[in-house]
Amino acid sequence: MVHTNSQELLVNYILANKEAYYRLAYSYTRNQDDALDIVQESVLKAMSSMRAPQKPEEIKPWFYRIVVNTSLDLLRKNKWVDQRGEKALEICSSSEDTHQELDLYKALDSLPINYRSIIVLKYFEDLTFEEIATILDENVNTVKTRLYSALKKLRLQLED
Amino acid sequence: MTDPKLSKFKDEYMNIPIPHELPSTVHKSIQKGERIRMRKNRLIKWAGAAAAMVLIFTATLNLSPAAVQALSDVPIIKNIVSVLTIREYNLDEDNYNANLKVPAVKGLNNQELASSLNDKYLAENKKLYQEFVKDIEEMKANGSGGHMGVDSGYVVKTDNEQILSIGRWVVNTAGSSSTTMKYDTIDKEREVLITLPSLFRDGNYVNVISQNIEQQMRQQMKADPNKMYWVSGTDEEQYFEPFKKIAKNQNFYINNKGKLVISFDKYEVAPGYMGVVEFVIPTDTIAKLLVSNEYIK
């Protein structure tokens with residue numbers, strides 16, 4: 001057989017978790033076609049990589065990092081991200097997506113994009129601070145600080 | 001998560017609709033990514049392993065004539081049927097390389113069988129080489145600089161008193177790589193080539209073996225989620241033709257324990273990462289169909 005063990009692990013992971021990382025991609029794009037593009041590109045990047053992790057527990061954060069970065073790249077390319085930085089995400093007003101009106105998105109949209117990633121990864125994808133730090137290439141303390149200020153902002157908003 | 005609002009958000013998040021084309025998108029990307037990775041690897045690991053086996057085998061024969069000599073002193077083995085590399089084709093240019101090894105069967109008294117096998121091997125490798133040379137000329141003419149290569153070699157699967165099974169593999173690299181494997185099994189005592197239909201009373205074996213393989217595929221997938229075969233009733237069915245039946249002359253060999261082994265090329269019944277796959281057919285499954293238990297035990 002042609003495959004190495006780490007390659008097997010990766011394929012297995014990619015097949016078993018496709019819905020989870022699709023949702024993650026969708027939480028950035030709010031659009032099915034773009035989310036599928038991100039999935040396609042992320043899987044391609046991961047599968048063709050020569051540096052896939054050997055340890056099973058490292059696969060998820062490694063793969064999520066690819067998905068998050070691919071999503072951010074796409075957002076930047078589509079100029080959805082505010083030019084002044086990562087301040088706010090502007091949803092295209094032309095988007096016909098019916099889910100746009102969900103509270104979830106309203107709340108997430110009030111957050112800077114890297115705060116948003118933390119909320120999604122921590123509360124919806126149940127990742128640890130260490131894993132999130134790896135994914136976002138930040139240190140653990142930064143992640144924690146950002147999470148708390150993100151939560152604070154969300155609460156303020158919820159009280160409105 | 002204590003905040004009820006957050007858990008409501010999570011519910012919304014978990015309810016993000018999953019498009020039905022997601023599995024096919026993922027599958028296609030896996031295969032495409034895998035091909036890119038293989039191109040990076042240039043020579044796939046399996047081919048490397050097979051080449052190593054060939055090396056060991058020829059080295060044993062070449063380095064230890066005493067071992068061969070000792071065998072021929074055993075009275076039961078009247079003639080030593082052996083396999084040696086007789087000819088190699090090599091071509092090495094910047095982006096193009098070919099390395100073809102031609103096995104030769106020696107020691108068969110049945111010259112007709114020996115020469116028909118050897119002629120066949122030689123002819124096939126010659127053809128491979130010619131196709132390859134033609135391909136690279138076309139590529140050069142078109143000015144495309146892709147990587148192309150062809151490697152072939154052989155592996156001796158079984159070599160006991162009665163049976164010799166030789167597998168010859170070809171790895172074609174043209175951007176992506178594909179691997180094919182062809183087996184020949186001969187009865188060294190009777191000096192005949194054994195074909196799959198010749199082992200069985202009638203054509204029923206196709207169905208019986210196919211059913212057994214399908215069963216094995218399902219069991220393997222159940223036991224090990226890393227394994228994937230294209231069988232009916234799975235997610236894969238909508239994207240790939242599921243496995244139904246083996247061919248009448250499906251690739252096979254007989255292993256050292258006298259078991260029938262059915263082999264499939266890369267991509268034949270499973271995604272590329274599974275490589276060349278083999279199934280050992282339990283003898284009791286096919287016992288009633290066999291002409292005799294001479295080869296299959």
Side-chain angles (χ1 to χ4, degrees), chain A residues 1-5 7-27 29-30 32-33 35-50 52 97-99 102-108 119-120 122-126 151 154-155 157-159, chain B residues 1-41 43-50 171 177 179 224-228 235-236 266-267 270-278:
Chain A
M1 297 213 185
V2 180
H3 46 117
T4 59
N5 240 349
Q7 200 69 1
E8 252 182 61
L9 283 172
L10 181 60
V11 171
N12 185 30
Y13 174 82
I14 289 173
L15 288 173
N17 296 283
K18 47 186 180 284
E19 301 196 347
Y21 56 77
Y22 171 82
R23 280 190 206 101
L24 178 62
Y26 189 94
S27 76
T29 66
R30 313 293 161 72
Q32 181 173 307
D33 289 345
L36 279 172
D37 277 353
I38 289 168
V39 165
Q40 188 179 335
E41 210 179 318
S42 304
V43 172
L44 197 65
K45 282 179 189 166
M47 285 299 300
S48 60
S49 169
M50 307 298 278
D97 207 299
T98 50
H99 295 273
L102 287 177
D103 289 349
L104 164 69
Y105 298 135
K106 274 193 214 154
L108 286 179
I119 294 277
V120 170
K122 178 73 191 159
Y123 289 114
F124 305 159
E125 292 291 333
D126 298 321
L151 282 177
L154 278 182
R155 294 237 165 74
Q157 201 215 354
L158 299 179
E159 280 160 17
Chain B
M1 202 186 297
T2 48
D3 197 316
K5 197 82 187 176
L6 267 177
S7 52
K8 195 190 157 228
F9 286 170
K10 182 166 184 175
D11 289 344
E12 288 178 3
Y13 180 86
M14 295 311 286
N15 284 331
I16 288 174
I18 303 298
H20 65 91
E21 59 266 54
L22 179 66
S24 67
T25 304
V26 169
H27 280 286
K28 279 180 204 144
S29 290
I30 288 177
Q31 298 212 346
K32 203 170 159 200
E34 190 175 57
R35 285 199 285 273
I36 295 171
R37 190 170 176 278
M38 279 184 180
R39 196 188 318 165
K40 289 180 186 169
N41 258 339
L43 204 83
I44 59 173
K45 291 209 162 70
W46 177 81
V171 180
S177 78
T179 310
D224 181 355
N226 295 329
K227 295 201 168 162
M228 199 206 301
D235 275 6
E236 327 301 324
K266 191 173 166 182
Y267 299 117
Y273 74 90
M274 293 288 292
V276 172
V277 292
E278 293 180 347

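So that the names make sense, note that chain A is the first sequence line, chain B the second, and so on, each numbered from 1.
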message = Run the side chain to side chain donor-acceptor pair (under 3.5 Å) test against Asn17(A) and tell me which residues pass, sequence neighbours left out.
response = none

query = What's the shortest heavy-atom distance between His27(B) and Leu15(A), and which atoms?
reply = CE1-CD2, 3.6 Å

remark   = Output for pair (Asn15(B) CG, Arg23(A) CZ), nearest 0.5 Å, gives 8.0 Å

message = Quick check for you: to the nearest 0.5 Å, what is the distance between Thr25(B) atom OG1 and Glu41(A) atom CD?
response = 13.0 Å

task = State whether the number of non-hydrogen atoms from other residues, nucleotides or ligands found under 6.0 Å of Lys45(A) atom NZ is greater than 12.
result = yes

request  = Give, for atom CD1 of Ile18(B) and atom OH of Tyr26(A), the distance between the pair rounded to the nearest 0.5 Å.
outcome  = 10.0 Å

request  = Apply side-chain contact (heavy atoms from CB on, under 4.5 Å) to the pair Tyr21(A) and Val26(B), showing each step before the final yes or no.
outcome  = CA-CA 11 Å; Tyr21(A) 56 77; Val26(B) 169; 3.7 Å; yes

note = Looking only at heavy atoms, the pair that brings Asp126(A) and Lys10(B) closest together is OD2-NZ, 2.9 Å

Partners passing side chain to side chain donor-acceptor pair (under 3.5 Å) against Tyr13(B) (at least two apart in sequence or in another chain) = Glu125(A)

task = Might you point out which heavy atoms bring Gly33(B) and Leu44(A) nearest each other, and give the distance in Å?
result = N-CD1, 3.2 Å

key: Evaluation steps, side-chain contact (heavy atoms from CB on, under 4.5 Å), between Val11(A) and Met274(B)   = CA-CA 11 Å; Val11(A) 171; Met274(B) 293 288 292; over 6 Å; no

ask   = Nearest 0.5 Å, what's the CE-CD distance between Met47(A) and Gln31(B)?
value = 9.0 Å

remark   = Tightest non-hydrogen contact, residues Tyr22(A) and Pro17(B), listed as CE2-O, 3.3 Å

Rounded distance [0.5 Å steps], OG in Ser24(B) versus CD in Gln40(A) = 9.5 Å

query = Side chain, backbone, both or neither: which part of Ala35(A) has a heavy atom under 4.5 Å from chain B?
reply = neither

